[in-house]
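Just below is one structure, and these are the notes that go with it.
Naming convention: chains lettered A, B, ... in sequence-line order (proteins, then strands); numbering from 1 in each chain. Worth knowing before you read on, the calculation uses all heavy atoms, side chains too, and leaves out hydrogens, waters and symmetry mates. This is a predicted model, so every value here is computed, not measured.
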2 protein chains.
Amino acid sequence: MNQIVENVGTSKGGFYHHFTSKDELLFEIHDTFITHVLEKGIYAYETHHSPTQKLKAIVKEFVNVFGLYKAHISVFYQESTYLKQQYQRSVKDKRDQFKQIVMRTIEEGKKSGEFREELSVEITTMAILGMVNWIYKWYRQSGANTMDEIGDIFVDLILHAVLQTETISKDNYKEILLDLPFFAKGNRNG
Amino acid sequence: MNQIVENVGTSKGGFYHHFTSKDELLFEIHDTFITHVLEKGIYAYETHHSPTQKLKAIVKEFVNVFGLYKAHISVFYQESTYLKQQYQRSVKDKRDQFKQIVMRTIEEGKKSGEFREELSVEITTMAILGMVNWIYKWYRQSGANTMDEIGDIFVDLILHAVLQTETISKDNYKEILLDLPFFAKGNRNG
DNA sequence: TAAAACAGACCAACTAGTCGGTCTTAACTT
DNA sequence: AAGTTAAGACCGACTAGTTGGTCTGTTTTA
């Protein structure tokens, strides 16, 4: 608290005039970015037809939020370990909503035949959530890749993981999947 | 501390007779499971020839540790946020070693032609570490899948993500990749 | 001039860690 | 076998520092 208050340039009194507790602040912080991803996720889900496009858009937005709200997310994960029950529940609620969108998308992909039939919807979803959520642990502004590049790479990895194997090679997904830079293509194996 | 000591059924005095600080306990806890994965990882790396087999074995061992040391890992992540610098460095050291093994494996896979050339070694590695590390956040003993199943699914997802697209369909990887249960194959789309 | 915004001294509860002491164990002596 | 002793294991009241949070006031705004 002292640190928060100091860094923000305010005082205990000032802070508690606006928030009823530290937990509320934490909740508000979480709500800021989770609401953002959730809205973007829903929008992505609703504006695209194919599960592939949906998944691509959802993942990109999801990754993107780690660029936009890096500080929020770090603080939240660092301080939220002992969040009061009521707040934990609201937090979990919104996270579950996002999880549902991803699950529904994968389910649809399986039904439509775009994604592999043998996928476990639940575990695949958790794998995606995990790889993206973990970003806050390792991403540094100074790193070699921008958040946008990371998003593209993640989309590429995830789609390769879920798409029907046969369809990948058919060049249907040129625009979505990664490729070598043109000047490196000469060395290609195979 | 009070809680730890109480739950362990000892006392402050007893505890500090064996540890110099809480951080040391935390470090010891982390070291227990990180040493385990690291050894298993190195062994897996050294005993297999192909990068594909290496990666499979490494991921399986990595996932497995979350079954063996669930409690350790949860405690560590919950309490380690403010670990003293010296301990943080040793922790990071071992984690980096494991990361290196994964990176080297992917690099080798690219060189051998088994893995896709266009993969970003670093980001792919972080994706793998992320999806597995995140397990501690969601895995419940009571869940639908055993740790072993999750391991297999993760291996399947990761290999589909990294393997050369052409080779996947060639049945070379029947033993490694997942398939539908035989009784469901009749419904397969074409 | 009243209400909202803010300040900061203060507080209770809790934190990791200490310290003087007791109990347990096992080797050593007689 | 019984007695001695010393070291390691263990105890828990206590402390210094920190935590989130309160309360009485002052300043700012409209």
Next on the checklist: Using the rule given for side-chain contact (heavy atoms from CB on, under 4.5 Å), can you reason through Glu24(A) versus Tyr87(A), listing the C-alpha separation, both sets of side-chain angles and the distance that settles it, and then say yes or no?
Outcome noted: CA-CA 8 Å; Glu24(A) 190 182 281; Tyr87(A) 289 111; 3.5 Å; yes
Checklist entry - In whole angstrom, what separates Lys12(B)'s NZ from dA16(D)'s P? => result 15 Å
Item to check | Residue among Tyr77(A), Tyr69(A), Phe76(A) satisfying ring-ring contact (aromatic ring centres under 6.0 Å, His included) with Tyr136(A) | outcome: Tyr77(A)
Checklist entry - Do Phe98(A) and Phe62(A) have ring centroids that are under 6.0 Å from one another? => result yes
Item to check | Interatomic distance, Glu6(B) CD vs dC11(D) C1' [rounded to whole Å] | outcome: 15 Å
Item to check | Along DNA chain D (nearest heavy atom to each residue), the more 5'-positioned of Gly13(A) and Gln3(A) | outcome: Gln3(A)
Item to check | Derivation of the side chain to side chain donor-acceptor pair (under 3.5 Å) call for Asn2(B) and Lys12(B) | outcome: CA-CA 8 Å; Asn2(B) 298 345; Lys12(B) 284 285 181 70; 3.0 Å; yes
Next on the checklist: So if I apply the side chain to side chain donor-acceptor pair (under 3.5 Å) rule between Lys54(B) and each of Glu46(B), Glu108(B), His48(B), which one comes out positive?
Outcome noted: Glu108(B)
Item to check | Phosphate contact (dC11(D) OP1 or OP2) by His17(B) side-chain N/O below 4.0 Å | outcome: no
Checklist outcome for this item: Sorted by number, residues from residues 72-81 of chain B placing a heavy atom under 4.0 Å from DNA chain D are none
Item to check | Atom-to-atom span, CG of Asp23(B) to P of dT15(C) - whole angstrom | outcome: 15 Å
Checklist entry - Phe15(A) CZ to dG8(C) C1': how many Å, rounded? => result 15 Å
Checklist entry - Hey, which of these two, Ser11(B) or Thr20(A), hits DNA chain D nearer its 5' end, going by closest nucleotide? => result Ser11(B)
Item to check | Atom pair distance, as rounded to whole Å: NZ in Lys22(B) and C1' in dG17(C) | outcome: 12 Å
Checklist outcome for this item: His18(A) NE2 to dG21(D) P, in whole Å, measures 16 Å
Next on the checklist: I need the CG-C1' distance between Asn2(B) and dG17(C), as an integer number of Å.
Outcome noted: 11 Å
Next on the checklist: Glu79(B) vs Lys22(B), test: salt bridge (Lys or Arg N to Asp or Glu O under 4.0 Å). Steps then yes/no.
Outcome noted: CA-CA 10 Å; Glu79(B) 304 290 317; Lys22(B) 188 194 170 185; 2.9 Å; yes
Checklist entry - Counting just side-chain N and O atoms, does Ser21(B) come under 4.0 Å of either OP1 or OP2 of dA16(C)? => result no
Checklist outcome for this item: Whole-Å distance, Phe19(B) CZ to dA9(D) C1', equals 14 Å
Checklist entry - Are Leu68(B) and Phe33(B) close enough that some pair of their side-chain heavy atoms sits under 4.5 Å apart? => result no
